[in-house]
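Following: one structure in structure tokens, then a few remarks.
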Amino acid sequence: MNQTLPLSHTDILPDILPPLLQWYPAQADNRQLPWRESPNPYHTWLSEIMLQQTRASAVIPYYERFLDALPDIPALAAADETLLMKLWQGLGYYSRARNLQKAARIIMDRHHGKLPQDQSALQNLPGIGPYTAGAIGAIAWGKPWPAVDGNVLRIVSRVLASSADIASARTRRAVTDALSPLYPSGSSAGALNQAFMDLGATICLPHGAPHCPRCPLAALCLAHEAGREQDFPVKKAARPRRVEQYTVLLLRQGNTYALHQRPKKGLLAGLWEFPNLPGKAASQQIRKYLRQYGLTADSLVPLPEARHIFSHVEWKLSGWLICLAAPCCIVADSSLPLRWVTPQEIAKTYSVPAAFSHYLPYLYHPTTKSMK
DNA sequence: CATACGTGGCA
DNA sequence: TTGCCAAGTAT
């Protein structure tokens, strides 16, 4: 069962576009989004990448800071990697930032410094998939390309009362194929894509009851007609995440602390972290761990435990603030390449993921009791 | 097709 | 507190 879309109902889809187009300009002013104020292909591209799986409210400050630092594609292509990752710190899905720069360099090398308007050339750029290509094409150049994201899938599955699993690629393709021939060219294309997003963000909500009385599609929505709005969309249950335990070490030496750069691949690739060891280590094990690297602790103070939830992993963290013995040889062991930096340098330069931010406040702890 | 890949807000 | 999940893409 659970076809892609109930074909007997796809004749409803053509009817949803006019109400959406009429509704969009009437309410668009309610959402002040910086990327709508000075639209150009680079701005649209950057915003769409940042908005992948990320709420607009979270994106806004990052978007503005990023554009201040890297105002155009040549600047992005030439940017220092450290700055690039610092600009992305805390936004998540860090490969987005690296792919953004990879694409910028390809654009400089092969596309005369401008985003290619050819659909397949655009979609072949790193980080740009079917959704983002559609969004950029429609918004920046008025291409008649749908941008099928979670909002579109939720809205369409409610309008059609479709039980198709919106997590499946097949459903996404079916919706794209159903919408493509209906799309207009010109400014209406971008308006339509943004209307879907605004409707999804403000009316046809992903959780909680949708605001159907204010919905321009209520009259033709089959889920609404049946009073079953919250039965859609149907989505396969997520797999349980695995749990990992780590012991995080705030190694203090004078007024500097040790940072370690994570591997180039995998979770939080290339970001900076506090040195840590797997498992929940006791103070004896920590001393032994430090000894391997020629380090000796003057004091070890346990810090509160912390938990950090990723999409697919959960970290249980136990932390320690450790003051190292004064005359410390800094070991240049490649298996533990540590960078000794001040809290100010961490804040200014190093990209530390949120998973470690639980322990950031303890950097300043020192012995100076502090004046509140 | 399934899985890896972050983070914060909301019910 | 817990669980869901948001303007997806790469592999």
Side-chain angles (χ1 to χ4, degrees), chain A residues 31 33-36 43-63 85 88-100 102-103 122-136 138-139 146-155 165-173 175-176 190 192-202 204-210 230 233-244 262-271 273 307-315 351-358:
Chain A
R31 300 226 302 162
L33 303 173
W35 43 89
R36 290 185 183 171
H43 293 174
T44 302
W45 173 33
L46 176 64
S47 68
E48 291 300 340
I49 297 296
M50 286 187 162
L51 286 161
Q52 289 170 5
Q53 298 289 282
T54 310
R55 285 188 162 71
S57 58
V59 165
I60 290 171
Y62 283 87
Y63 174 83
M85 299 317 292
W88 213 268
Q89 170 183 286
L91 197 55
Y93 287 146
Y94 297 92
S95 65
R96 290 184 294 176
R98 299 183 193 283
N99 284 334
L100 203 54
K102 275 187 205 164
L122 188 60
Q123 206 171 136
N124 282 334
L125 292 170
I128 299 184
Y131 162 77
T132 306
I136 295 171
I139 295 169
V148 177
D149 67 336
N151 291 306
V152 173
L153 290 167
R154 182 171 63 258
I155 292 164
D165 177 5
I166 64 161
S168 88
R170 184 167 64 237
T171 303
R172 185 171 47 74
R173 276 196 304 274
V175 172
T176 305
L192 206 44
N193 284 339
Q194 295 179 88
F196 273 116
M197 298 170 200
D198 281 6
L199 190 71
T202 63
C204 197
L205 305 175
H207 46 67
Q230 305 211 54
V234 171
K235 204 170 180 181
K236 194 175 38 183
R239 283 182 18 147
R241 49 176 83 78
R242 68 176 183 273
V243 179
E244 299 175 352
R262 293 179 60 84
K264 292 298 181 194
K265 299 230 175 240
L267 187 63
L268 307 171
L271 272 64
E273 64 183 356
R307 188 168 74 130
H308 192 82
I309 312 280
F310 300 92
S311 318
H312 57 302
V313 194
E314 173 178 342
W315 281 359
S351 187
V352 178
F356 292 91
S357 61
H358 305 97

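Chain letters run A, B, ... following the sequence lines, proteins first, then strands; residues in each count from 1. Predicted model only: the values in this text are computed from it and were never measured. Excluded from the calculations below are hydrogen atoms, water molecules and symmetry mates; all remaining heavy atoms, backbone and side chain alike, are included.
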Open item on the list: We want to know whether A/Thr44 and A/Ser47 form a side-chain donor-acceptor pair, criterion being a heavy-atom distance below 3.5 angstrom.
Closed with: no

Open item on the list: Can you give me the closest heavy-atom contact between A/Met197 and A/Tyr131, atom names plus distance?
Closed with: CE-OH, 3.1 Å

Think [X] has a side-chain N or O under 4.0 angstrom from the OP1 or OP2 of [N]?
X	N	value
A/Lys236	B/dA2	yes
A/Tyr93	C/dA10	no
A/Arg170	B/dC1	yes
A/His308	B/dT7	yes
A/Gln53	C/dG8	yes

Checking all strands, does [X] fall into the base, sugar-phosphate, or nothing category for heavy-atom contacts under 4.0 angstrom?
X	value
A/Arg307	sugar-phosphate
A/Ala58	nothing
A/Ala238	nothing
A/Phe196	nothing
A/Trp88	nothing
A/Arg154	sugar-phosphate

Quickly work out the [X] [atom1] to [N] [atom2] distance and round it to whole Å.
X	N	atom1	atom2	result
A/Ile309	C/dG3	CD1	C1'	9 Å
A/Leu267	B/dT7	CG	C1'	12 Å
A/Arg242	B/dC5	CZ	C1'	11 Å
A/Lys235	B/dA2	NZ	P	14 Å
A/Arg262	B/dA4	CZ	C1'	13 Å
A/Met85	B/dC5	CE	C1'	12 Å
A/Leu91	C/dA6	CG	C1'	12 Å
A/Phe310	B/dG6	CZ	C1'	7 Å

Task: Minimum-distance nucleotide (side-chain atoms of A/Asp149 versus B/dC1, C/dG8, B/dG6) - done: C/dG8

Open item on the list: Please pick, from B/dG6, B/dA4, C/dA10, the nucleotide with the shortest atom-to-atom distance to any side-chain atom of A/Asn99.
Closed with: C/dA10

Where do N or O atoms of nucleotides 9-11 of chain B meet protein N or O atoms at under 3.5 Å, pair by pair?
none

Open item on the list: Please check this pair: side chain of A/Tyr63 against backbone of A/Leu33, looking for a donor-acceptor N/O pair closer than 3.5 Å.
Closed with: no

TODO: Could you tell me whether the side chain of A/Arg262 and the main chain of A/Glu273 form a donor-acceptor pair under 3.5 Å?
DONE: no

TODO: Please round to the nearest 0.5 Å and tell me the distance separating atom CG of A/Leu153 and atom CZ of A/Phe196.
DONE: 10.0 Å

Open item on the list: Let me confirm one number: the CD1-NE2 distance from A/Ile136 to A/His43, rounded to the nearest 0.5 Å.
Closed with: 13.0 Å

- [ ] Could you tell me whether A/Asp149 and A/Arg172 have a side-chain N and a carboxylate O separated by less than 4.0 Å?
- [x] no

TODO: Answer yes or no: is there an ion pair linking A/Glu314 with A/Arg241, defined by an N-O contact shorter than 4.0 Å?
DONE: no

TODO: Residues of residues 126-136 of chain A with any non-hydrogen atom less than 4.0 angstrom from an atom of DNA chain B: list those, numerically ordered, please.
DONE: none

- [ ] Under the side chain to side chain donor-acceptor pair (under 3.5 Å) rule, what do A/Arg96 and A/Thr54 come out as? Steps first, then yes or no, please.
- [x] CA-CA 12 Å; A/Arg96 290 184 294 176; A/Thr54 310; 3.2 Å; yes

TODO: Please step through side chain to side chain contact (heavy atoms under 4.5 Å, CB included) for the pair A/Trp35 and A/Ile139, ending with a clear verdict.
DONE: CA-CA 11 Å; A/Trp35 43 89; A/Ile139 295 169; over 6 Å; no

